[in-house]
There are 2 protein chains.
Amino acid sequence: MVTIYDIAKLANVSAMTVSRVINNTGRISESTRARVKQVMQELNYVPNSMARSLVKQETKMLSLLITDITNPFYTTLARGAEDTAMRNGYKLLFGNSDEDYAKERDYVDMVLSTRADGVLFAPAGDGSAEHLRMLQRRNVPFVILDREVPGIEADHVLGDSREGARRLVEHLLALGHRRIAMVGGRQDVSTARLRYAGYLEALKLADVPFDSALVHDVGYTAVEGFAFVDALLSAEAPPTAVFAANNFLALAVIRALRERGVRVPEDLSVVCFDDFGESIVLDPFLTVARQPAYEFGSLGMQLLIERIQGAAGAAPRKIVLPSELVVRQSSSALTGV
Amino acid sequence: MVTIYDIAKLANVSAMTVSRVINNTGRISESTRARVKQVMQELNYVPNSMARSLVKQETKMLSLLITDITNPFYTTLARGAEDTAMRNGYKLLFGNSDEDYAKERDYVDMVLSTRADGVLFAPAGDGSAEHLRMLQRRNVPFVILDREVPGIEADHVLGDSREGARRLVEHLLALGHRRIAMVGGRQDVSTARLRYAGYLEALKLADVPFDSALVHDVGYTAVEGFAFVDALLSAEAPPTAVFAANNFLALAVIRALRERGVRVPEDLSVVCFDDFGESIVLDPFLTVARQPAYEFGSLGMQLLIERIQGAAGAAPRKIVLPSELVVRQSSSALTGV
DNA sequence: TTGAAAGCGCTAACAC
DNA sequence: GTGTTAGCGCTTTCAA
């Protein structure tokens with residue numbers, strides 16, 4: 001391990017002088033600077049960032065927690081966050097909670113013990129409040145992404161879940177559908193609640209009666225049997241369309257439907273929140289409310305860095321990003337009776 | 001910031017005793033242990049891992065470098081790596097080189113300065129040798145993923161690029177194709193070279209003449225105009241099939257073809273290396289050589305941890321994971337002529 | 001323009 | 001069982 005002392009000795013200066021050269025601080029004569037740099041080169045010196053962080057009480061490391069690393073929404077978001085972090089001289093540590101509170105808790109412990117300067121936090125759900133409070137108690141700045149957590153005041157970057165959901169459902173209504181099912185996320189997640197609210201709102205505005213038999217709560221990543229699909233299909237008055245609360249759910253639902261011989265969109269229309277990237281999907285099929293995933297990450301990171309670099313006491317800001325209705329083949333006009 | 005001294009004072013013991021309680025080392029009376037733990041709880045103490053790492057000369061942090069965070073192959077690999085790291089008590093730091101040597105270089109600097117205990121390294125290409133040697137000079141253990149780098153001896157987890165390519169091309173040959181184009185990755189990447197070699201081998205075995213006009217080098221992420229598609233189509237004897245060196249290339253090629261009015265597979269068959277996950281793609285269309293991405297990550301991590309925990313001098317191991325030919329609609333029998 | 005001393009929070013090594 | 005001392009590699013503070 002090469003230390004500044006090694007450099008100091010060889011360059012015939014004090015450790016302090018070496019430190020100053022490394023950090024470009026203080027006044028140093030050109031000759032000593034050159035000599036020191038020369039030795040650093042030769043020894044291939046790399047500063048020990050732990051030692052530095054220990055004294056400076058800052059790590060220049062930020063942390064990003066997402067709930068599903070396989071979901072393109074989050075990987076795109078991660079890119080946005082990383083790009084912005086890099087540009088500002090921060091490193092980014094990723095974590096993946098898998099929508100699991102226990103994993104999230106572990107992650108917070110890690111963030112605390114590694115002394116990250118701040119956290120971009122996409123909460124698993126309302127139960128994350130406890131974890132966020134741990135960060136608050138430690139004065140670790142954070143920005144909440146995608147989902148609000150009741151009781152937590154902080155900077156936010158959110159989507160327009162309610163609005164987006166309403167528009168998706170209105171799209172279905174415009175196509176003539178009246179029996180529209182909703183496959184929601186868990187109700188302890190704000191986006192799931194809001195998408196549900198948007199769904200209800202659209203129905204109400206159109207004077208379409210609500211039928212609780214058409215609503216099913218399942219987790220955003222739930223691939224658990226999909227028995228509810230049977231329930232839907234065998235209902236007294238089965239749905240002609242399904243609104244899925246996110247992209248993965250929609251895909252899983254369509255698969256389940258197909259297995260049961262139900263065609264989309266001929267027999268049943270399906271729409272959902274969140275798109276897949278075009279580099280991944282050849283023939284986009286789903287009608288979706290597309291969210292600007294990259295901006296979730298880059299704007300969130302922006303807020304976080306501003307918060308860290310000064311605006312400690314400033315009032316929390318909330319950015320709400322609109323989604324875009326993208327109509328494709330998975331939804332079609334209701335035909336026959 | 002709560003330190004062990006705060007705990008020590010309140011619990012009326014020495015810092016050492018607190019340290020022993022935290023680490024579960026040495027002999028401590030039940031009463032003191034209880035007292036210390038109690039105080040730790042009350043103060044919400046979290047150990048400072050930087051301070052610990054500084055003295056222990058180990059960080060319990062590992063690093064994973066991938067070349068394209070948007071590619072499902074790598075995100076799946078990342079999951080495998082993360083799961084295994086976690087299970088072994090390590091944290092994982094992610095990095096994304098974007099197939100860019102400069103970014104890769106920055107990343108290595110970061111790894112060095114954060115003193116990661118080891119690195120899982122998916123190199124951008126042959127030019128990564130320099131960066132890997134930096135790690136070697138610093139005695140940072142690493143395992144190379146997916147791509148070999150000439151001149152670097154290390155543990156590897158690789159795919160069977162040559163074999164897989166050969167089988168893809170043989171599949172096309174079996175369908176009657178004779179004019180088969182190859183759209184390769186950059187030739188400074190081992191997998192691209194091997195896939196090219198497999199392509200040549202299949203042609204030779206089938207006594208099909210090689211035509212250099214049918215081969216085009218482009219980067220794995222190249223979405224740069226795709227002028228070469230025009231070249232292919234306007235060739236004296238245009239191809240009836242295309243072998244793309246990876247999944248993203250295949251999609252991009254198909255898009256370019258469609259824009260030019262060429263249908264797949266009716267007018268042209270397309271096959272490629274690497275699949276997309278089923279949670280992402282509704283109707284898998286591409287005929288692919290599917291690699292076990294998760295295992296790339298989990299096995300690589302396994303090797304890395306073993307290397308760190310003892311097998312420092314052991315001979316490098318090389319694991320080659322087979323790929324699976326998955327035939328779908330993008331390839332079809334040659335008709336007409 | 002340069003250096004000496006002290007300390008960031010923790011643990012290894014040794015005493016008692 | 002428990003405590004003392006020293007030091008991990010760096011920067012802050014103060015002095016020269």
Side-chain angles (χ1 to χ4, degrees), chain A residues 1-37 39-40 43-61 109-117 138-140, chain B residues 1-37 39-40 43-61 109-117 138-140:
Chain A
M1 191 73 352
V2 183
T3 72
I4 59 169
Y5 296 115
D6 304 322
I7 315 283
K9 189 168 298 174
L10 288 182
N12 227 315
V13 292
S14 73
M16 232 4 258
T17 302
V18 178
S19 173
R20 286 198 260 259
V21 170
I22 293 167
N23 295 289
N24 260 312
T25 55
R27 249 158 287 285
I28 306 261
S29 77
E30 260 323 307
S31 65
T32 15
R33 179 190 307 284
R35 199 148 30 92
V36 170
K37 285 209 158 172
V39 177
M40 286 187 355
L43 298 198
N44 253 301
Y45 171 77
V46 180
N48 184 326
S49 64
M50 285 168 334
R52 172 183 290 163
S53 300
L54 193 58
V55 18
K56 299 195 71 156
Q57 302 286 39
E58 81 168 13
T59 55
K60 282 285 173 187
M61 285 249 235
D109 278 343
M110 186 200 94
V111 165
L112 256 21
S113 88
T114 58
R115 300 294 193 269
D117 291 345
R138 286 285 150 42
N139 292 314
V140 179
Chain B
M1 193 70 356
V2 183
T3 74
I4 60 170
Y5 298 116
D6 302 323
I7 315 284
K9 189 168 298 176
L10 287 183
N12 227 315
V13 293
S14 74
M16 229 10 250
T17 302
V18 178
S19 174
R20 286 198 260 260
V21 170
I22 293 167
N23 295 290
N24 259 313
T25 55
R27 250 158 286 286
I28 306 261
S29 78
E30 262 322 308
S31 64
T32 20
R33 178 189 308 283
R35 201 148 28 92
V36 169
K37 286 210 158 171
V39 177
M40 284 183 2
L43 298 198
N44 254 300
Y45 171 77
V46 180
N48 184 326
S49 64
M50 285 168 334
R52 171 184 289 161
S53 300
L54 194 58
V55 18
K56 299 196 72 156
Q57 302 285 41
E58 81 169 14
T59 55
K60 282 287 174 185
M61 287 250 236
D109 278 342
M110 185 199 93
V111 165
L112 255 23
S113 87
T114 58
R115 301 295 194 268
D117 290 345
R138 286 284 152 43
N139 292 313
V140 179

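Convention: sequence-line order gives letters A, B, ...; per-chain numbering from 1.
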Exercise. Would you give the length of the straight line joining atom CG of B:D109 to atom OG1 of B:T114, rounded to the nearest 0.5 angstrom?
Key: 10.5 Å
Self-check item: Test applied, side chain to side chain contact (heavy atoms under 4.5 Å, CB included); reference residue, B:T32; option that passes from B:V18, B:V13, B:V21
Solution: B:V13
Quiz item: 5'-most contact on DNA chain D: B:K56 or B:E30, nearest heavy atom basis?
Solution: B:E30
Does [X] get its side chain close enough to the base of [N], under 3.5 Å, for a donor-acceptor pair?
{"X": "B:R33", "N": "D:dG1", "result": "no"}
{"X": "B:Y5", "N": "C:dC8", "result": "no"}
{"X": "B:R115", "N": "D:dG9", "result": "no"}

Does a side-chain N or O of [X] approach OP1 or OP2 of [N] to a distance below 4.0 Å, or not?
{"X": "A:T3", "N": "D:dC8", "answer": "no"}
{"X": "A:Y45", "N": "D:dC10", "answer": "yes"}
{"X": "A:N23", "N": "D:dT11", "answer": "yes"}
{"X": "B:S49", "N": "C:dC10", "answer": "no"}
{"X": "A:Q57", "N": "D:dT12", "answer": "no"}
{"X": "B:S53", "N": "C:dC10", "answer": "no"}
{"X": "B:S14", "N": "D:dG3", "answer": "yes"}
{"X": "B:T17", "N": "D:dT2", "answer": "no"}
{"X": "A:T32", "N": "C:dT2", "answer": "yes"}

Nearest-Å distance, [atom1] ([X]) to [atom2] ([N])?
{"X": "A:R35", "N": "C:dT2", "atom1": "CZ", "atom2": "C1'", "result": "11 Å"}
{"X": "B:R20", "N": "D:dT4", "atom1": "CZ", "atom2": "C1'", "result": "11 Å"}
{"X": "A:K60", "N": "D:dC10", "atom1": "NZ", "atom2": "P", "result": "18 Å"}
{"X": "A:M50", "N": "C:dC10", "atom1": "CE", "atom2": "P", "result": "14 Å"}
{"X": "B:L112", "N": "D:dG9", "atom1": "CG", "atom2": "P", "result": "15 Å"}
{"X": "B:L54", "N": "C:dA12", "atom1": "CG", "atom2": "P", "result": "13 Å"}
{"X": "B:L43", "N": "C:dG9", "atom1": "CG", "atom2": "P", "result": "14 Å"}
{"X": "A:M1", "N": "D:dG7", "atom1": "CE", "atom2": "C1'", "result": "16 Å"}

Of the options [options], whose atoms approach the side-chain atoms of [X] most closely?
{"X": "A:I4", "options": "C:dC10, D:dC10, C:dT2", "value": "D:dC10"}
{"X": "B:N48", "options": "D:dG9, C:dG9, C:dG3", "value": "C:dG9"}
{"X": "B:R52", "options": "D:dC10, C:dT11, D:dT12", "value": "C:dT11"}

Exercise. Determine the minimum heavy-atom distance between A:T59 and A:D117, stating which atoms define it.
Key: N-OD1, 2.8 Å
Quiz item: Counting N and O atoms only, with roles assigned by atom type, does the side chain of B:D6 sit under 3.5 Å from a partner on the main chain of B:T3, one being a donor and the other an acceptor?
Solution: yes
Quiz item: Are any side-chain N or O atoms of A:S19 and backbone N or O atoms of A:A15, one a donor and one an acceptor, separated by less than 3.5 Å?
Solution: no
Self-check item: Candidate pair B:L54 and A:N48, rule side-chain contact (heavy atoms from CB on, under 4.5 Å), full reasoning
Solution: CA-CA 9 Å; B:L54 194 58; A:N48 184 326; 4.0 Å; yes
Exercise. Indicate, with a heavy-atom threshold strictly under 4.0 Å, whether B:I28 touches base, sugar-phosphate, or nothing.
Key: sugar-phosphate
